[in-house]
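The structure displayed is predicted, hence computed values, not measured ones. If you read the sequence from its start, that first residue is 1, and numbering goes on from there.
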Amino acid sequence: MRTALRAAVAATTALVLATLSATVPASAAAAGLSRYRISSVYVAGVSSGGYMATQLQVAYSSRIAGTAVFAAGPYYCAQNNVAQALNGCGNNISPTYLSTLEADTRLWAAYGWIDPVRNLAGKPVYLFHGNGDTSVKKSVNDDLATYFRDFGSSVRYDTGSPAGHSWVTPQGPVACASTASPYLNNCGTDPQRDLLTKLFGSVSAPNTGTLRGTKVQFNQSTYAVNGYAPGLSMDSSGFVYVPSSCAAGQSCRLLVALHGCVQGYGAVGTAFVDKANLNQYADTNNTIILYPQAAASAVNPNGCWDWWGYLGATNYPIKGGAQLETIMNMVRQLGG
């Protein structure tokens with residue numbers, strides 16, 4: 001996934017602005033999301049999706065009840081600079097400047113650009129870093145743990161796995177220590193049980209048989225802030241898994257699950273949607289899983305989420321950021 005960041009170095013702001021100004025094709029469908037009885041909202045992600053998950057948690061801490069992150073660093077780590085993203089937030093050639101990031105967080109909360117930082121106190125946070133991960137160095141992930149702890153969050157940090165750079169899942173087709181597409185590694189463990197237990201307090205055992213819910217494909221342009229998801233380096237299609245109990249009107253949680261670079265629909269199909277081991281737990285724990293999809297573009301060749309400013313706007317990590325707000329529009333429509 002690191003190669004996706006390197007590929008983005010050559011992208012130009014002019015191309016970004018041209019993409020953002022694209023008009024919505026007349027053929028764009030208007031398929032939408034249904035509304036459900038949502039009791040609470042959580043976010044989870046891996047790599048660039050982990051960075052986006054943290055952006056969502058910090059910007060909307062009054063609404064997001066907890067976070068799970070695999071292989072990513074602290075909030076605003078890249079500081080709108082792709083060189084810092086590569087050298088300080090993937091590699092540790094340069095520092096993350098953690099104290100500056102925390103000061104920026106407090107300042108932006110004072111400006112009202114993000115929710116008050118006091119909301120982060122007590123929030124459940126689950127973090128994971130594999131010892132075989134050389135794409136995001138452990139010291140970078142360590143700084144994310146420190147960031148959340150410094151704001152009073154309740155952090156569980158798992159670091160004992162030999163996993164490569166990946167979302168670790170018992171359904172993964174990739175060997176544990178590898179870093180290879182589709183970045184779904186099987187280490188003989190079940191981190192989803194651990195992360196959901198941390199976020200929810202307790203979980204029922206997953207459905208190991210045929211899933212009882214429904215996987216819905218929807219048009220992300222319906223919720224895009226510019227009306228055209230590809231103009232935001234997001235796929236036309238997103239996915240949501242709805243357990244039958246939630247569809248029948250029971251109160252349910254909502255978990256936003258964010259893939260990493262070269263792990264979205266355009267790169268690996270629905271591998272992350274189907275094999276992240278979240279739908280199995282959703283079925284038995286009254287939880288809807290929302291799977292927004294980033295997509296490759298001229299400025300983002302490997303379909304990463306925008307955590308270093310590749311769309312050409314500096315507001316990417318705060319309220320109003322194009323991708324962040326598009327995801328929140330989906331959350332709101334679902335009832336979160």
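Between Tyr75 and Tyr147, the ring planes are tilted. Angles from 30° to 60° get that label. Between Tyr223 and Phe218, the ring planes are perpendicular. Angles over 60° get that label, and only those under 30° would be called parallel. In this structure, Phe272 and Trp167 have perpendicular ring planes: the angle between them is above 60°, well past the 30° mark.
Among all heavy-atom pairs drawn from Gly260 and Gln263, the shortest one is N-OE1, 2.7 Å.
Put simply, the side chain of Asn80 reaches to within 4.5 Å of the side chain of Tyr316, judged on heavy atoms. Residues Lys198 and Val155 have side chains not in contact (no heavy-atom distance under 4.5 Å, counting atoms from C-beta outward). At least one side-chain heavy atom of Thr270 sits under 4.5 Å from a side-chain heavy atom of Tyr265. Contact check for Pro243 versus Ile288: side-chain heavy atoms found under the 4.5 Å cut-off. The closest side-chain heavy-atom distance from Met328 to Leu56 is below 4.5 Å. The side-chain heavy atoms of Gln323 and Ser233, taken from C-beta on, include a pair separated by under 4.5 Å. The closest side-chain heavy-atom distance from Val262 to Ser181 is not below 4.5 Å. Within the 4.5 Å cutoff, side-chain heavy atoms of Phe148 are placed close to those of Gln57.
A salt bridge links Arg156 to Asp194: at least one charged side-chain nitrogen sits closer than 4.0 Å to a carboxylate oxygen. Between Asp142 and Lys137 no salt bridge is recorded (no basic side-chain N to carboxylate O distance below 4.0 Å).
The backbone N or O of Gly73 sits less than 3.5 Å from a side-chain atom of Tyr51, completing a donor-acceptor pair. With hydrogens and angles ignored, the 3.5 Å screen pairs no side-chain donor or acceptor of Asn87 with any backbone N or O of Ile93. A side-chain donor-acceptor contact under 3.5 Å links Asp283 to the backbone of Arg212. Formation of a donor-acceptor pair under 3.5 Å by the Tyr60 side chain with backbone atoms of Lys319 is not found in this model. In this structure, the side chain of Gln280 does not engage the main chain of Lys275 through any donor-acceptor pair within 3.5 Å. Side chain of Gln293 to main chain of Gly238: no donor-acceptor pair is present (N/O by atom type, distance under 3.5 Å, no hydrogens or angles). A donor-acceptor distance shorter than 3.5 angstrom exists from the side chain of Asn285 to the backbone of Ser204, with no hydrogens or angles considered. Side-chain atoms of Ser154 do not come within 3.5 Å of backbone N or O of Lys123 as any donor-acceptor pair. For Asp143 (side chain) and Thr146 (main-chain N/O), no donor-acceptor pair under 3.5 Å exists by modelled atom type. Panel note: side chain Ser153, backbone Gly122; no donor-acceptor pair is recorded below 3.5 Å.
Looking only at atom types and distance, the side chain of Ser61 has a donor-acceptor partner in the side chain of Asn119 under 3.5 Å away. For Asp306 and Asn300, the side-chain atoms include no donor-acceptor pair closer than 3.5 Å. Checked by atom type, the side-chain pair Asn207/Thr284 shows no donor-acceptor distance below 3.5 Å.
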### Message
Please determine whether side chain to side chain contact (heavy atoms under 4.5 Å, CB included) holds for the pair Leu255 and Leu196, giving the CA-CA distance in whole Å, both sets of side-chain angles, and the decisive distance to 0.1 Å.
### Response
CA-CA 10 Å; Leu255 174 66; Leu196 292 172; 4.2 Å; yes
### Task
Report the C-alpha separation of Thr134 and His165 in whole Å, then their side-chain angles, then the decisive distance to 0.1 Å, and conclude whether the side chain to side chain contact (heavy atoms under 4.5 Å, CB included) test is met.
CA-CA 7 Å; Thr134 59; His165 189 64; over 6 Å; no
### Task
May I have the step-by-step check of side chain to side chain contact (heavy atoms under 4.5 Å, CB included) for Ile327 and Met52, ending in yes or no?
CA-CA 10 Å; Ile327 293 170; Met52 179 58 81; 4.1 Å; yes
### Message
For Asp133 and Lys138: C-alpha separation, side-chain torsions, deciding distance, then whether side chain to side chain contact (heavy atoms under 4.5 Å, CB included) applies.
### Response
CA-CA 8 Å; Asp133 187 349; Lys138 183 176 180 295; over 6 Å; no
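Atom OG of Ser297 sits about 7.0 Å away from atom CG of Leu311, to the nearest 0.5 Å. One distance of note links OG of Ser39 with CD of Gln250; it measures 11.0 Å at 0.5 Å rounding.
Residues Leu258 and Tyr76 do not share a hydrophobic cluster, clusters being chains of Ile/Leu/Val/Met/Phe/Trp/Tyr side chains in contact below 4.5 Å. A chain of hydrophobic side-chain contacts below 4.5 Å, direct or via other Ile, Leu, Val, Met, Phe, Trp or Tyr residues, connects Tyr281 to Phe128.
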